[in-house]
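Structure first, commentary second.
Order of appearance sets the numbers: ligands from 1, and atoms from 1 within every ligand. Predicted, not measured: the structure shown is a model, and the values here were computed from it. Numbers here are sequence positions counted from 1.
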Amino acid sequence: MVGARVSAAAAALLVLAACAALPGRAAANKISINWKPNTNYTDWVKQHSPFYKDDWLVFYYTAGQADVVQVDEVGYNKCDATNAIYNYSKGRSFAFQLNETKTYYFICSYGYCYGGMRLAIKAQKLPPPSPPPSASDRSAAAIAAFASSHAAVLYAAAAVLAALHRMV
Ligand SMILES: *[C@@H]1O[C@H](CO)[C@@H](O)[C@H](O)[C@H]1NC(C)=O
Ligand SMILES: *[C@@H]1O[C@H](CO)[C@@H](O)[C@H](O)[C@H]1NC(C)=O
Ligand SMILES: *[C@@H]1O[C@H](CO)[C@@H](O)[C@H](O)[C@H]1NC(C)=O
């Protein structure tokens with residue numbers, strides 16, 4: 001009886017500790033974009049903001065109708081692909097990870113950029129949880145909360161153990 005209570009309490013503590021150790025955000029987001037001519041993506045960027053570092057942009061496009069060219073800010077503003085950082089035009093889709101905290105610029109080099117087929121995407125740092133406790137603080141808090149809410153049980157168990165000890 002007492003042994004069962006004690007091991008149940010130990011299991012509960014393990015679960016609490018495991019929960020406290022979970023990171024605030026499980027995984028990076030994957031944001032799909034239907035990348036097609038004659039589209040103005042200004043509102044798309046607004047609707048899908050904020051973007052965070054490590055998010056993935058997945059472009060779906062038709063080869064021959066559109067390409068995805070990563071440029072710098074000047075290239076973005078001028079719709080100019082001559083100083084392209086990289087370009088992608090094969091297959092049907094292309095996944096790009098925003099692996100740094102900065103603004104990324106993409107255009108289509110087929111002339112549609114002037115109509116709005118371009119993206120300026122600011123990859124932000126993940127906001128810290130508020131208030132930002134360390135994992136060990138949270139574990140300690142969880143254990144303290146557990147102990148206070150189960151104080152009666154723990155006290156009773158201790159009393160039973162003491163009584164058993166006196167009997168032997
Ligand atoms: C894309 O890259 C290829 C070679 O990597 C280059 O020949 C081509 O001119 C580039 N296109 C654009 C639009 O930058
Ligand atoms: C981000 O990805 C690019 C392209 O794959 C790579 O060149 C760069 O080194 C990466 N940056 C970091 C911080 O991993
Ligand atoms: C794209 O849409 C935005 C917001 O609606 C607008 O300000 C901008 O002028 C448009 N761009 C073009 C090239 O039509």
Q. If hydrogens are left out, which of Thr42, Val45, Asn40 has an atom nearest to atom 2 (O) of ligand 3, that is, the closest non-hydrogen atom?
A. Asn40
Q | Identified ring pair (Phe, Tyr, Trp, His ring centres under 6.0 Å) partner of Trp35 from the options Tyr61, Tyr41, Tyr60, Trp44 | A | Tyr41
Q: Select the closest option to atom 13 (C) of ligand 3 among Trp44, Tyr112, Tyr114, judged by heavy-atom distance.
A: Tyr114
Q) What protein heavy atom sits nearest atom 9 (O) of ligand 2, and how far off is it? A) Glu100 OE2, 4.6 Å
Q) Which residue and non-hydrogen atom of the protein lie closest to atom 3 (C) of ligand 1, and at what distance in Å? A) Asn87 ND2, 3.7 Å
Q.
So does Ala28 get a backbone contact from the side chain of Trp56, meaning a donor-acceptor N/O pair under 3.5 Å?
A. no
Q | cation_pi(Lys102, Tyr104) dist<6.0 Å, angle<=45 | A | yes
(Q) Using the rule given for side chain to side chain contact (heavy atoms under 4.5 Å, CB included), can you reason through Arg118 versus Cys79, listing the C-alpha separation, both sets of side-chain angles and the distance that settles it, and then say yes or no? (A) CA-CA 8 Å; Arg118 60 181 173 179; Cys79 286; 4.0 Å; yes
Q: Taking all heavy atoms of Pro37 and all of Gln65, pick out the closest pair and write down the distance.
A: CG-O, 3.5 Å
Q. Protein heavy atom under 4.0 angstrom of atom 7 (O) of ligand 3, is there one?
A. no
(Q) I need the atoms of ligand 1 closer than 4.0 Å to a non-hydrogen atom of Ala84, numbered in the order shown. (A) 14 (O)
**Q.** Which of the ligand 1 atoms, numbered from 1, are nearer than 4.0 Å to a heavy atom of Ser109
**A.** 13 (C)
Q: Quick one: look up the protein heavy atom nearest atom 12 (C) of ligand 2 and list residue, atom name and how far away it is.
A: Asn99 ND2, 3.3 Å
Q.
Using ring centroids (six-membered ring only for Trp), state whether Phe106 and Phe96 fall under 6.0 Å.
A. yes
